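Below you'll find the structure, written out as structure tokens, and then a few comments.
A quick note: this is a predicted structure, and the numbers were derived from the prediction, not measured. Numbering of ligands and ligand atoms starts at 1, following listing order.
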Amino acid sequence: MKNILITGGAGFIGSHVVRLFVNQYPPYNIINLDSLTYAGNLENLKDIENSPNYIFIKGDICNEQLIDTVFKEQQVTDVIHLAAESHVDRSIKDPLSFVQTNVFGTVNLLNAAMNAWKENVTEHIFFHVSTDEVYGSLDEDGYFLETTPYDPQSPYSASKAGSDHFVRAWANTYKLPIKITNCSNNYGPNQFPEKLIPLMINNIKNNKPLPVYGKGENVRDWLYVIDHARAIDEVFHRGKPGETYNVGGFNEWKNIDIVRLLCGVMDRKLGRPEGESAKLITFVTDRAGHDLRYAIDASKIMNDLGWKPSLQFEEGLEKTVDWYLRNGEWLEHVTSGAYQQYYQQHYGG
Ligand code: NAD
Ligand code: TYD
């Protein structure tokens, strides 16, 4: 019997992880705890919200009393921790909220887990979902391995690196069984349109300028979100306690090439003349401290657990564009109100 606390389950990746666990493992009880920040949205989980093995609790991972109570009342047996502030640009403007949620919130969860599990700690798992950005920035060559030294460059990645260190410290000091994944950039349905791919889809749809930072030469390694959820499932069930697994798509793209590809896909889907959407591309001031390249070597999870990405990027991008075009209402809901203010402040006009 497992009662799994999934934090951040109303967000982009979390909602796909919640759905996978609720549908795939009916004997498990899935407790989704999320404070519903601007990035959290229960519309992401409409299809499973009435499932008998699912409950939602609105709450902040930084709230010590609430988290202790959730562990006791729900008899939490395992944690999959995704709740975080997740956007680099926002971390540059407001680093403290990243320290609060990503570092303090993680330590609060670790404390609560130890308090609840101290009699039989080896029977539990604390799974921490992290990012490849903790390894810093690569030049043209090389890959991030699990052994690559941490070298975070942005307030976001520094806060995630801090949280990873605390999780490992709990394993070392208190013998908490932990698992950590460090994944590359995700894309797919339900991603908040502050991130590159959904922002570009939304702007192309609305004939708005497509703001490419710097020269668009920065490289990211993209993975379809459902493949990340599958990797979390594999590591949760079959990964070794105490281990770290890098997760990535072996799928590197320059930002400008992704934007051009998206323009082509959208022209076709919207019935626009070829080349029409690409006219919206606008090069804007670069992000401060912009990491040049991320690239994951995912050999360990592939060799040890048999996981591999299920989709080619072009196919995943088509699916993603189709989802956003089919779900105009979702997009309208999340881009009304506070999003407009954020967009104005960050991109101007
Ligand atoms: P997201 O911003 O879409 O979702 C984050 C969720 O956490 C939201 O539902 C939000 O409401 C919730 N949340 C934020 N602060 C909270 C708090 N104090 N208490 C409770 N809930 C809170 O993020 P995402 O892109 O889905 O990322 C999920 C996790 O995966 C993060 O830990 C992120 O660092 C990691 N990650 C993301 C990517 C990516 O490409 N998006 C890649 C690798 C790892
Ligand atoms: P993002 O989706 O914010 O993810 P991350 O910074 O965590 O990798 O950005 C992906 C890349 O796209 C990154 O190199 C910054 C760039 N980018 C733009 O060029 N324009 C934009 O409007 C955004 C949001 C990102």
Side-chain angles (χ1 to χ4, degrees), residues 6-18 32-42 44-45 57-63 66-67 80-92 97-98 100-102 104-106 108-109 128-134 137 153-154 156-157 159-160 163-164 181-188 190-200 203 209-223 225 228-229 231-232 246-248 253-256 258-259 281-287 290-294 296 334 343 346-347:
I6 300 186
T7 69
F12 167 47
I13 301 169
S15 61
H16 290 278
V17 174
V18 165
N32 172 13
L33 181 123
D34 197 301
S35 62
L36 300 181
T37 67
Y38 76 93
N41 184 353
L42 290 177
N44 294 346
L45 291 164
I57 299 172
K58 183 173 185 309
D60 188 333
I61 56 167
C62 300
N63 182 333
L66 171 83
I67 298 299
I80 304 178
H81 174 37
L82 297 108
E85 289 294 338
S86 68
H87 189 38
V88 174
D89 292 328
R90 289 186 192 251
S91 81
I92 293 169
S97 62
F98 284 68
Q100 176 70 9
T101 287
N102 299 0
F104 182 87
T106 300
N108 190 39
L109 281 170
H128 179 57
V129 177
S130 192
T131 166
D132 62 352
E133 302 191 28
V134 298
S137 181
Q153 300 292 316
S154 74
Y156 164 65
S157 55
S159 70
K160 290 297 290 188
S163 67
D164 293 12
T181 46
N182 293 88
C183 187
S184 63
N185 286 60
N186 285 213
Y187 71 99
N190 306 94
Q191 187 168 30
F192 193 78
E194 65 187 351
K195 305 276 168 63
L196 179 74
I197 289 180
L199 185 142
M200 295 298 166
N203 284 17
L210 309 179
V212 175
Y213 298 163
K215 294 186 177 137
E217 297 283 313
N218 304 66
V219 173
R220 298 292 183 263
D221 169 3
W222 293 92
L223 182 70
V225 63
H228 186 189
I232 290 171
N246 281 356
V247 185
W253 286 78
K254 282 186 183 164
N255 294 335
I256 186 65
I258 294 198
V259 174
I281 292 174
T282 311
F283 293 95
V284 300
T285 309
D286 208 353
R287 173 186 281 171
H290 198 170
D291 287 343
L292 178 66
R293 174 172 169 257
Y294 305 143
I296 279 278
V334 302
Y343 199 92
H346 188 63
Y347 296 97

- prompt: Based purely on interatomic distance, does E133 place a nitrogen or oxygen under 3.5 Å from a nitrogen or oxygen of ligand 2?
  reply: yes

task: With rounding to the nearest 0.5 Å, note down the distance linking CD1 in I197 to CH2 in W253.
output: 10.0 Å

Any N or O of E194 closer than 3.5 Å to N or O of ligand 2: no

query: For V284 and Y213, what are the C-alpha separation, side-chain angles and deciding distance, and is it a side chain to side chain contact (heavy atoms under 4.5 Å, CB included)?
result: CA-CA 5 Å; V284 300; Y213 298 163; 3.6 Å; yes

- line: Under 4.0 Å from one or more heavy atoms of V212, ligand 2 contributes atoms 19 (O)

- prompt: Is it true that a side-chain atom of S15 and a backbone atom of L45 form a donor plus acceptor pair closer than 3.5 Å?
  reply: no

message: At less than 4.0 angstrom from any non-hydrogen atom of K195, what atoms of ligand 2 do you find?
response: 2 (O)

message: For the residue pair R220 and Y187, would you count it as a cation-pi contact if the rule is NZ or CZ under 6.0 angstrom from the ring centre and within 45 degrees of the ring axis?
response: no

message: I'd like to know if the side chain of N102 and the backbone of S159 have a donor-acceptor N/O pair within less than 3.5 Å.
response: no

query: Is a donor on one side and an acceptor on the other found under 3.5 Å between the side chain of S184 and the backbone of D221?
result: yes

field: Side chain N44, main chain A10, donor-acceptor under 3.5 Å
entry: yes

- request: Please determine, by modelled atom types, if H128 and S163 share a side-chain donor-acceptor pair under 3.5 angstrom.
  value: yes

- request: Pick, from G216, P211, P198, the option with the minimum heavy-atom distance to atom 20 (N) of ligand 2.
  value: P211

Among N255, T282, L292, V284, closest by any non-hydrogen atom to atom 11 (C) of ligand 2: N255

task: Would you mind listing which atoms of ligand 2 come within a distance below 4.0 Å of any non-hydrogen atom of H290?
output: 13 (C), 14 (O), 15 (C)

Quick check for students: name every N or O atom pair between ligand 1 and the protein closer than 3.5 Å, with distances.
from	atom 1	to	atom 2	distance (Å)
ligand 1	2 (O)	S86	OG	2.6
ligand 1	3 (O)	F12	N	3.1
ligand 1	9 (O)	G11	N	2.9
ligand 1	9 (O)	D34	OD1	3.2
ligand 1	9 (O)	D34	OD2	2.5
ligand 1	11 (O)	D34	OD1	2.6
ligand 1	11 (O)	T37	N	3.0
ligand 1	11 (O)	T37	OG1	3.1
ligand 1	18 (N)	D60	OD1	2.8
ligand 1	18 (N)	T101	OG1	3.2
ligand 1	19 (N)	S35	OG	3.4
ligand 1	19 (N)	I61	N	3.0
ligand 1	21 (N)	S35	N	3.1
ligand 1	21 (N)	S35	OG	3.3
ligand 1	23 (O)	S86	OG	3.2
ligand 1	26 (O)	F12	N	3.4
ligand 1	26 (O)	I13	N	2.8
ligand 1	32 (O)	L82	O	2.9
ligand 1	32 (O)	K160	NZ	2.6
ligand 1	34 (O)	Y156	OH	2.7
ligand 1	34 (O)	K160	NZ	3.0
ligand 1	40 (O)	N186	N	2.8

field: Any Y294 heavy atom less than 4.0 Å to ligand 2
entry: yes

field: Any side-chain donor near an acceptor of the partner, N203 and Y343, under 3.5 Å
entry: yes

message: Only heavy atoms of Y347, strictly under 4.0 Å: list the atoms of ligand 2 that pass.
response: 21 (C), 22 (O), 23 (C), 24 (C)

Residue list, side chain to side chain contact (heavy atoms under 4.5 Å, CB included) with T7, at least two apart or on another chain: L5, I61, H81, A83, L109

query: What do the steps show when you test E85 against Y156 for side chain to side chain donor-acceptor pair (under 3.5 Å), and what is the final call?
result: CA-CA 8 Å; E85 289 294 338; Y156 164 65; over 6 Å; no

message: Could you work out, for atom 10 (C) of ligand 2, the closest of L196, V259, D132, D89 by heavy-atom distance?
response: L196

message: Applying side chain to side chain contact (heavy atoms under 4.5 Å, CB included) to T101 and T37, what does each step give before you reach the verdict?
response: CA-CA 11 Å; T101 287; T37 67; over 6 Å; no

message: Between ligand 2 and W222, is the shortest N or O to N or O distance under 3.5 Å?
response: no

task: Would you mind listing which atoms of ligand 2 come within a distance below 4.0 Å of any non-hydrogen atom of N185?
output: 4 (O), 5 (P), 8 (O)

message: To check your reading of the model: name the closest protein heavy atom to atom 19 (O) of ligand 2, its residue, and the distance in Å.
response: Y213 N, 2.9 Å

statement: One finds that the ligand 2 atoms under 4.0 Å from a non-hydrogen atom of H87 are 3 (O)

- prompt: At a 4.0 Å threshold, what atoms of ligand 2 neighbour a non-hydrogen atom of V88?
  reply: 6 (O), 7 (O)

- request: Start with the C-alpha gap between L33 and L66, add the side-chain angles, then the distance that decides, and say whether side chain to side chain contact (heavy atoms under 4.5 Å, CB included) holds.
  value: CA-CA 11 Å; L33 181 123; L66 171 83; 4.2 Å; yes

- prompt: Can I256 and K215 be said to form a side chain to side chain contact (heavy atoms under 4.5 Å, CB included), step by step?
  reply: CA-CA 8 Å; I256 186 65; K215 294 186 177 137; over 6 Å; no

message: Can you report which non-hydrogen protein atom sits closest to atom 6 (O) of ligand 2, along with the distance?
response: R287 NH1, 2.5 Å

- line: atom 8 (O) of ligand 2 sits nearest the protein heavy atom R220 NE, 2.7 Å

